[in-house]
Enquirer: 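Questions regarding the structure given below will be posed in turn.
What's counted below: heavy atoms across the whole structure, side chains too, no hydrogens, waters or symmetry copies. Within every chain, numbering begins at 1; the chains are lettered A, B, ... in the order of the sequence lines, protein sequences first and strands thereafter. Quick caveat: nothing in here was measured; it's all calculated off a predicted structure.
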Protein chains: 2
Amino acid sequence: MTLPSTYADRNCSLARALEVVGERWTLLIVRDAFFGVRRFGDFVTQLKIPRAVLADRLKLLVREGVLTREEGPAVEYRLTPKGVELWPVVRTLMTWGDAHYSPAGAPRSVRHDHDGGLLDPGGRCERCGQLVPVAETRVEPGPGFDPADEGHDPVSDAINTPRRLLDPIG
Amino acid sequence: MTLPSTYADRNCSLARALEVVGERWTLLIVRDAFFGVRRFGDFVTQLKIPRAVLADRLKLLVREGVLTREEGPAVEYRLTPKGVELWPVVRTLMTWGDAHYSPAGAPRSVRHDHDGGLLDPGGRCERCGQLVPVAETRVEPGPGFDPADEGHDPVSDAINTPRRLLDPIG
DNA sequence: CGGGCTGGTTCGGTGACCGAACCACAACGT
DNA sequence: ACGTTGTGGTTCGGTCACCGAACCAGCCCG
């Protein structure tokens with residue numbers, strides 16, 4: 001969209017949410033942000049997204065309060081609390097994709113960093129039963145990870161090493 | 001897409017999931033299916049989606065095994081088990097939209113049909129603590145429902161009466 | 001046989017997306 | 001002082017998806 005025509009069904013929260021994160025690329029950008037990507041160039045190399053589209057989406061996400069744009073020695077985009085609240089959406093979509101498009105198992109595992117327990121569909125640690133907050137969540141290559149995807153670019157490699165969510169790469 | 005160019009990041013389940021449900025309209029169609037919409041014409045009137053786009057999306061969803069197309073006295077599109085597994089995605093996105101774009105409260109409430117308990121963010125019934133299956137889930141107008149949205153068309157009105165998920169409208 | 005209902009397809013116009021090139025600015029080396 | 005490199009974008013022409021409106025085909029009903 002870049003919000004040209006909006007969905008008609010204004011009485012549905014889903015439609016409103018989709019106006020923000022429902023376009024092509026948007027949710028992938030958010031996912032990368034969870035995985036520690038913060039720099040414009042890193043989004044480009046990891047997602048292979050056209051730079052103009054990325055610039056548009058980042059502006060939209062900043063305007064909607066999902067990301068902040070921070071000018072330090074380098075420009076950094078970071079998730080706001082509102083953006084962090086998208087984690088259940090990203091997680092459930094990944095789970096669905098794993099279940100139906102990864103016959104060899106999930107390419108990425110999501111664990112409770114404290115005890116290494118896998119997360120169940122509801123987001124609870126299967127080991128301690130706790131609802132795992134984003135900051136205590138660790139992602140790492142899973143049983144279905146394809147090693148052929150290693151070595152293409154340093155950003156992807158960084159993302160594919162075990163790490164806690166929101167920890168910056170590099 | 002209608003799958004013209006796919007996302008490059010093939011090692012991520014999220015990208016693969018988005019190739020199916022990541023386009024404009026697709027997730028709204030799935031949501032309507034949860035709410036009991038099954039007929040081509042009902043999708044059109046409720047979503048105000050261009051007919052050609054709807055036809056495309058329905059073909060895609062049937063091809064991907066999210067919906068079935070059943071020719072009886074009338075054509076009916078219904079969610080498959082794979083489609084039903086998208087409920088956590090729809091629910092979490094609705095929750096996020098409610099939290100950030102519905103200051104007057106959720107326009108739609110999601111409850112455990114057995115005891116009327118609201119669902120928590122993880123999909124558990126706040127009353128009995130159980131993880132509520134789709135078939136036991138009821139949706140109804142919530143505190144933020146805008147009555148001005150009533151009476152426009154019979155399909156929307158049917159959707160806005162309390163009902164269990166997947167129960168057909170009409 | 002005619003008229004309405006349903007489930008689509010066809011069509012021209014518009015706008016979003018695409019990749020590639022270009023640009024501005026800052027840091028650094030020499 | 002001057003090129004080089006890196007970074008965060010913008011510009012541009014071509015293509016493709018989406019849009020609304022019109023059209024069409026099969027079915028059921030009288």
Enquirer: Could you point out which residue of B/Glu19, B/Arg16, B/Glu64 forms a side-chain hydrogen bond (donor to acceptor under 3.5 Å, both in side chains) with A/Tyr101?
Expert: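 Of the listed options, the one satisfying the test is B/Glu64.
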Enquirer: Taking CZ from A/Arg57 and P from D/dG9, how many angstroms apart are they, rounded to a whole number?
Expert: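 So the two atoms are 15 Å apart, to the nearest Å.
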Enquirer: What is the distance, to the nearest angstrom, from the CZ atom on A/Arg38 to the C1' atom on D/dG8?
Expert: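 Checked: the CZ to C1' distance equals 17 Å.
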Enquirer: Taking atom C1' of C/dA20 as reference, at what distance in whole Å does atom CG of A/Leu54 sit?
Expert: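 After rounding, the reported distance stands at 16 Å.
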Enquirer: How are the rings of A/His100 and A/Trp96 set relative to one another: parallel (under 30°), tilted (30 to 60°) or perpendicular (over 60°)?
Expert: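 Rings of A/His100 and A/Trp96: tilted, as their planes differ by 30° to 60°.
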Enquirer: When every nucleotide of nucleotides 6-13 of chain C is labelled 5' to 3' by its protein contacts under 4.0 Å (heavy atoms), B for base, S for sugar-phosphate only, - for none, what sequence of letters results?
Expert: SBBBB---
Enquirer: Distance check needed: D/dC18 P versus B/Leu47 CG, whole Å only.
Expert: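 Spelled out: CG on B/Leu47 to P on D/dC18 is 15 Å.
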Enquirer: When you compare the side chains of B/Arg111 and B/Ser109, does any donor N or O come within less than 3.5 Å of an acceptor on the partner?
Expert: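 No, because no side-chain N or O of B/Arg111 sits under 3.5 Å from a partner of the opposite role on B/Ser109.
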Enquirer: Nearest-Å distance, CZ (B/Arg24) to C1' (C/dC17)?
Expert: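 Value for this atom pair: 14 Å.
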Enquirer: Less than 3.5 Å apart, any donor N or O on the side chain of A/Arg38 or A/Tyr77 sitting next to an acceptor on the other?
Expert: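 Per modelled atom types, A/Arg38 and A/Tyr77 side chains form no pair under 3.5 Å.
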Enquirer: Any side-chain N or O of A/Trp25 under 4.0 Å from OP1/OP2 of C/dA16?
Expert: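 No.
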Enquirer: To the nearest angstrom, how far is A/Glu70 atom CD from D/dG8 atom C1'?
Expert: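 Interatomic distance, CD of A/Glu70 to C1' of D/dG8: 16 Å.
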Enquirer: Do the charged groups of A/Arg164 and A/Asp113 touch, with an N to O distance under 4.0 Å?
Expert: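 So A/Arg164 pairs with A/Asp113 through a salt bridge.
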Enquirer: Among all residues two or more places apart in sequence or in another chain, which pass the ring pair (Phe, Tyr, Trp, His ring centres under 6.0 Å) test with B/Phe34?
Expert: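 B/Phe34 satisfies ring pair (Phe, Tyr, Trp, His ring centres under 6.0 Å) with B/Trp87 only.
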